[in-house]
Undergrad: 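The structure is given below, and queries will be raised subsequently.
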Amino acid sequence: MSFPLLTATAALPAVGAVATAAVPAARRTAAKWLALLVSLATLALAITILVRFDPGGARYQLTESHAWIADFGVRYELGVDGIAVALVALTALLIPFIVLAGWNDADPLETGSRRWRPTQGFFALILAVEAMVLISFEATDVFVFYIFFEAMLIPMYFLIGGFGDRAHAQGEAAASTQRSYAAVKFLLYNLVGGLIMLAAVIGLYVVAGSFSLADIAHARATGSLHMATSTERWLFLGFFFAFAVKAPLWPLHTWLPNAMQEATAPVAVLITAVVDKVGTFAMLRFCLQLFPEASKWATPAILVLALISIVYGALLAVGQRDIKRLVAYASISHFGFIIMGIFAMTSQGQSGATLYMVNHGISTAALMLVAGFLISRRGSRLIADYGGVQKVAPVLAGTFLIGSLATLSLPGLAPFVSEFLVLVGTFTRYPVIGIVATIGIVLAALYTLVLYQRTMTGPVKPAVSAMPDLRARELVVVAPLIVLLIFLGVYPKPVTDIVNPAVKQTMSDVHKTDPKPSVEAAK
């Protein structure tokens, strides 16, 4: 039997989470180092998957299949295509930076305080989320995917509600109330989506007799799967609703700004750069593959919702006074672009959407983590409390500028390529949608540049006059992300070469081909 590489990649952080939680309370530094080493070892396994994956080979590779609950047709089946490989690599890459960035976020509060923030629990929960996200990307059995899709809500609930941002102007009691509200809202929204999906998962088994993607694809290819049009549409809506909540798509997005505002900056990155990607990934893997006709039927409505997300999220970002809420609404706008690219049903759109998932993860991590370092120094999330930071902390300001420029998709930085592909892919089939979506680009330039101007330029405010620049640990967190933003902005080919074959398979699943260009012959 070959080495179960996919299982090992997900099992390692799961075991690491248990081991980190078991470290004695007085040895919190040891727990931090253990979590960091486990995340780096997981990254090494993810790199091994990346190296061993053959973009020109079978659709699903490094597969594992074992009987699990035989009476109900549930098998433990894993496999990765190019889209999953890219997101596995992204997840494993970001977790070490999240751990390093949150190095002191769960330490005891101020000297003299008797309150203890359980450091071991904080890092154990991060590793637990990583394990569940990784196996969600790897699962090719719908039931296995559903279990971990829902299970990741539990550690995320405690990370949001138990380890909130300390920069709260209204005191610890108010902060605790706000954190609890954000955590409960996150949990309820996602639980409702998950329960609706559960009904659809059961319905799929009743119709198809299996949870396995391979079995269902074979039954569809041989004509032995008979699914009524109305049944397929209802099942599609059950799956899509859960994924749209996770993504998040307007109008199911309202939990995200609260969660990102109240969470620590590293946990906010974990939410929007890692966990939320499961929703958009699942739209490609499950919605389009399992319900191709229903996906085409729902496309016009989904494109309208995505367009609203793009413009609405950007408009609300413009008016924000809180740095973290601004980034949250910007992410809602960006997820609108991703979903628009998926349902444009063109190879450029879906390749751009997948690339956008990767690039958004890197750019949001860079911006939010630097913003977290900024907020921890000043003790405030309000934009109005800053000014002139670039004069006292030029490296912090410079990295913040690059993260901001990546957020507005400046040419030469990674998000530009993916946003361009999404817009081109959408315009070729839905020109009006593509044109209106460009409003989001204009608004992105407005909210990111205004954010930088108000926080980093102008007279130095007294409260930031003694602000220290980035320290060595913080530079180790930020510098690799900046390098990746520039590298993938200039040379995205390593990622597109991996995802393009998987995109072609998805296009084949929904029986779509790219529109032929219509150009008048030159006279």
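Residues: numbered from 1 along the sequence shown. Predicted model, so just to flag it, every value in this text is computed and none were measured.
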Undergrad: Check for a donor-acceptor pair, side chain of R381 on one end and backbone N or O of D322 on the other, with a separation under 3.5 Å.
TA: no

Undergrad: Mark yes or no for whether R378, through its side chain, and V464, through its backbone, hold a donor-acceptor pair below 3.5 Å.
TA: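 Absent.
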
Undergrad: When you compare the side chains of Y181 and E262, does any donor N or O come within less than 3.5 Å of an acceptor on the partner?
TA: no

Undergrad: Got a salt bridge between E474 and R377, using NZ or NE/NH1/NH2 to carboxylate O under 4.0 Å?
TA: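 Judged by the 4.0 Å cut-off on N to carboxylate O distance, E474 and R377 do form a salt bridge.
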
Undergrad: Would you please indicate if the ring centroids of Y157 and F186 are separated by under 6.0 Å?
TA: no

Undergrad: When you check the side-chain N and O atoms of Y430 and T299, is any donor under 3.5 Å from an acceptor?
TA: no

Undergrad: Tell me if the centroids of the rings in H360 and F335 come within less than 6.0 Å of each other.
TA: yes

Undergrad: At their closest point, which heavy atom of L488 faces which heavy atom of A414, and how far apart are they?
TA: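 So the two residues come closest at CB-CB, 3.7 Å.
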
Undergrad: Side chains of Y356 and E419: is there a donor and an acceptor less than 3.5 Å apart?
TA: yes

Undergrad: Restricting to non-hydrogen atoms, name the atom on L396 and the atom on D469 that form the minimum distance, rounded to 0.1 Å.
TA: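 Taking L396 first and D469 second, the nearest heavy atoms are N-OD1, 2.9 Å.
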
Undergrad: How close do A406 and L413 get, counting heavy atoms only, and between which atoms?
TA: N-CD1, 3.5 Å

Undergrad: Let me see the working for Y386 and M467 under side chain to side chain contact (heavy atoms under 4.5 Å, CB included), right down to the final yes or no.
TA: CA-CA 11 Å; Y386 297 87; M467 180 177 289; 4.2 Å; yes

Undergrad: Does any N or O in the side chain of K185 come within less than 3.5 Å of the main-chain N or O of W255, such that one atom is a donor and the other an acceptor?
TA: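 No; judged by distance alone, with no hydrogens or angles, the pair does not exist.
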
Undergrad: Tell me whether the centres of the aromatic rings in F239 and F149 are closer together than 6.0 Å.
TA: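 No, they do not, as the ring centres are separated by 6.0 Å or more.
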
Undergrad: For Y447 and T407: C-alpha separation, side-chain torsions, deciding distance, then whether side chain to side chain donor-acceptor pair (under 3.5 Å) applies.
TA: CA-CA 10 Å; Y447 63 70; T407 298; over 6 Å; no

Undergrad: Using 30° and 60° as the class limits, which term best fits the ring planes of F145 and F286: parallel, tilted or perpendicular?
TA: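 Aromatic pair F145/F286 classed tilted.
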
Undergrad: Under 3.5 Å, side chain of S309 to main-chain N/O of G336, donor-acceptor pair present?
TA: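 Side chain of S309 to backbone of G336, a donor-acceptor pair under 3.5 Å: no, none is there.
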
